[in-house]
Amino acid sequence: MYKYFPHTEADLQAMMDVVGVKSLDELYAEVPEQVRFRGDYQLPSEMSELEVRQLFERLGAQNRQLVCFAGAGVYDHYTPSVIPQLLSRSELLTSYTPYQAEISQGTLHYIFEYQSMMAELTGMDISNASMYDGTTATAEAMMMAVAAGKKQNKVLVSETVDPKTLAVVKTYAHFHGIDIVMIPAENGLTSKADMEEKLAQGGVAGVIVQQPNFYGIVEDYSDFAAAAHAQKALFIMNSVAADLAVLKTPGELGADIAVGDGQSLGIPMQFGGPYVGYMCCTEKLIRKMPGRIVGKTMDNRGQRAFVLTLQAREQHIRRQKATSNICSNQSLMALFVTVYMSLMGKQGLKEAAELSYAGAHYLCDKLVATGHFSLVYDQPFFNEFVVRYDGDVDALQRRFVEHGIFGGVKVADDQIMFAVTEKRTKEEIDQLIELI
């Protein structure tokens, strides 16, 4: 009857027989007639497939395709063309939550592979089955830390964390009675001395930092985990997923929880989403983790089978006792990044990251050489950096757009943050420089 529904007309009739109704309409018999909608829906008239394609082509033609040198959490990475084809296969694209393992093997299988890949990418023991996005995943990590810390109700957050992420964390904290305390930044880096001073005051459940940070700087977090653990606090790292192909992983840096957005793993930039958040942690925190975990087992015939191994049932039936109300996730996007990582492989992920790094440093050198730009922070950066401009930033960005370039993100009256990915060519970078 419906493409992704397994129920036949006979199945529906059997269910109606059990509940004692003759038609689906009888299920709504108790709805008063005066509140029922009997009119026509305001829908356009029907179109042929050709007409629908032409309509969307006309709408699409109204958009301007700009060469993107902007980032700030969303990056223009290459998407292999095979991914959309694999995403639509019915053995993978099954509907909603895979509670019925026997009809959800495709979904459970790719979630299992997703977990395996994300755990390896982050260097952590455990990955859950994906979150909404990187910002809410970070807020969930904050709540995990407080739940694990029991009477400790304070969370330290570095000022170098993306302001969008910080805003979501503060919203969650407000409604859960959690005290957010900021760690100041010094020359674009998290102040370790200030963090240690605040940790020593006691009552801290967790510390949240970002790698690379909002300004694109690669911070040295070597001793941060030890400082947090000495005061019985958890160390939480938010990272751009793709960058972990070449940077030290959260696991290597002693993190207890690794979170972030998986958009950089080939998901196209979009007007509002969807993206996919990831969350990984150490094994001892597994029962504090929201969402669910898929495991591999054997069925009674000795065949490989996938099942929901662990899920916090309170999230479904005793919500007032839940550590989180994350029940659904961005499973389609989890499938997307799983296919991306399997296609790219370890070497492909590394090469894409190295190309992004090289392109960003080439652009930075060219900008500084014009004499109109200077680096705001003299710190090591990855594929994103902030420069100060000696002219009118708004006028410069308008000039970029007029010539088909989305030229960075304005982060202050005289500052622009540029990002470069493996998609940006030397010719595109040189064109941007020529416009200056």
Side-chain angles (χ1 to χ4, degrees), residues 70-75 131-147 149 152-192 194-195 197-199 203-219 221 224-225 228 233-241 243 250 253 255-264 272-273 275-279 290 324 326 376-377 379 381-382 384-386 408-413 415 417 419:
V74 179
Y75 304 92
M131 311 285 285
Y132 294 135
D133 56 27
T135 56
T136 52
T138 309
E140 293 285 341
M142 168 196 69
M143 290 162 60
M144 272 180 70
V146 171
Q152 300 181 137
N153 202 43
K154 187 189 303 179
V155 174
L156 308 183
V157 183
S158 171
E159 283 185 352
T160 66
V161 167
D162 188 326
K164 299 184 291 295
T165 301
L166 177 60
V168 173
V169 166
K170 284 184 173 180
T171 300
Y172 272 61
H174 173 76
F175 290 101
H176 286 84
I178 299 170
D179 185 16
I180 296 295
V181 179
M182 301 304 298
I183 306 170
E186 296 176 355
N187 193 25
L189 301 176
T190 307
S191 172
K192 185 184 176 189
D194 186 86
M195 177 193 71
E197 182 181 328
K198 288 183 168 69
L199 281 166
V204 177
V207 177
I208 300 176
V209 298
Q210 183 171 318
Q211 181 76 311
N213 71 24
F214 176 66
Y215 309 110
I217 297 168
V218 179
E219 296 201 42
Y221 292 123
F224 277 58
L234 299 184
F235 184 49
I236 301 164
M237 282 188 64
N238 175 304
S239 301
V240 175
D243 297 356
L253 292 168
D256 300 284
I257 308 173
V259 292
D261 209 295
Q263 182 273 331
S264 59
Y275 295 147
V276 59
Y278 69 85
M279 174 180 278
S324 164
I326 290 282
V376 174
Y377 304 109
Q379 304 289 356
F381 62 88
F382 191 67
E384 197 163 18
F385 57 92
V386 182
V409 175
K410 181 180 177 181
V411 293
D413 289 341
Q415 296 176 16
M417 184 160 66

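Residue Ser191 holds its OG atom at 8.5 Å from CD of Glu197, rounded to the nearest 0.5 Å. Annotation: the span from Asp179 atom CG to Gln152 atom CD amounts to 12.5 Å, rounded to 0.5 Å. Atom CG of Asn238 and atom CD1 of Ile257 lie 12.0 Å apart (nearest 0.5 Å). Atoms CG and OH, on Asp133 and Tyr275 in that order, are 10.0 Å from each other to the nearest 0.5 Å. The CZ atom of Phe224 sits 7.0 Å away from the CD1 atom of Ile183 when rounded to the nearest 0.5 Å.
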TODO: With side chain to side chain contact (heavy atoms under 4.5 Å, CB included) as the test, would you mind laying out the steps for Val181 and Val155 before giving the verdict?
DONE: CA-CA 6 Å; Val181 179; Val155 174; over 6 Å; no

TODO: Evaluate side chain to side chain contact (heavy atoms under 4.5 Å, CB included) for Leu199 paired with Leu156, printing each intermediate quantity in order.
DONE: CA-CA 8 Å; Leu199 281 166; Leu156 308 183; 4.0 Å; yes

- [ ] Could you walk me through whether Ile180 and Met142 pass side chain to side chain contact (heavy atoms under 4.5 Å, CB included), step by step?
- [x] CA-CA 10 Å; Ile180 296 295; Met142 168 196 69; 3.6 Å; yes

Open item on the list: If you apply the rule side chain to side chain contact (heavy atoms under 4.5 Å, CB included), what do you find for Met144 with Ile236, and how did you get there?
Closed with: CA-CA 10 Å; Met144 272 180 70; Ile236 301 164; over 6 Å; no

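The number of heavy-atom neighbours closer than 6.0 Å to CG of Asp413, taken from other residues, nucleotides and ligands shown, is 12 or below.
With a 4.5 Å cut-off on side-chain heavy atoms, Phe214 and Pro163 count as touching. Val168 places none of its side-chain heavy atoms less than 4.5 Å from the side chain of Thr138.
The two residues Met279 and Pro290 make their nearest non-hydrogen contact at SD-CD, 3.6 Å. Closest approach of Leu253 to Ala225, counting heavy atoms only: O-CB, 3.4 Å. Among all heavy-atom pairs drawn from Tyr278 and Gly262, the shortest one is CD2-N, 4.3 Å. Minimum interatomic distance between Val276 and Asp261 (heavy atoms only, all atoms of both residues): O-OD1, 3.2 Å. Nearest heavy-atom pair, Gln263 versus Gly73, reported as atom, atom and distance to 0.1 Å: OE1-O, 4.1 Å. In plain terms, the two heavy atoms of Tyr215 and Gly188 that are nearest each other are CD1-O, 4.3 Å.
A side-chain N or O of Thr160 and one of Glu219 form a donor-acceptor pair less than 3.5 Å apart.
Formation of a donor-acceptor pair under 3.5 Å by the Thr165 side chain with backbone atoms of Val161 is not found in this model. Side-chain atoms of Asp256 do not come within 3.5 Å of backbone N or O of Leu234 as any donor-acceptor pair. Remark: the backbone N or O of Gln210 is paired with a side-chain donor or acceptor of Tyr221 at under 3.5 angstrom. Between the side chain of Thr190 and the backbone N or O of Ala185, no donor-acceptor pair lies under 3.5 Å. Listed for the Gln211 side chain is no donor-acceptor partner under 3.5 Å among the backbone atoms of Ser239. Counting only distance, with no hydrogens or angles, the side chain of Asn153 and the backbone of Gly177 share a donor-acceptor pair below 3.5 Å.
Test Asp243, Ile217, Asn213, Val240 against Phe382 for side-chain contact (heavy atoms from CB on, under 4.5 Å) and you get one pass: Asp243.
Residues meeting the salt bridge (Lys or Arg N to Asp or Glu O under 4.0 Å) test with Lys198, sequence neighbours left out: Asp194. Ala412 meets the side chain to side chain contact (heavy atoms under 4.5 Å, CB included) test with Asp414, Gln415; sequence neighbours excluded.
Below 30°, between 30° and 60°, or above 60°: for Tyr172 and His176 the angle between ring planes is below 30°, a parallel geometry.
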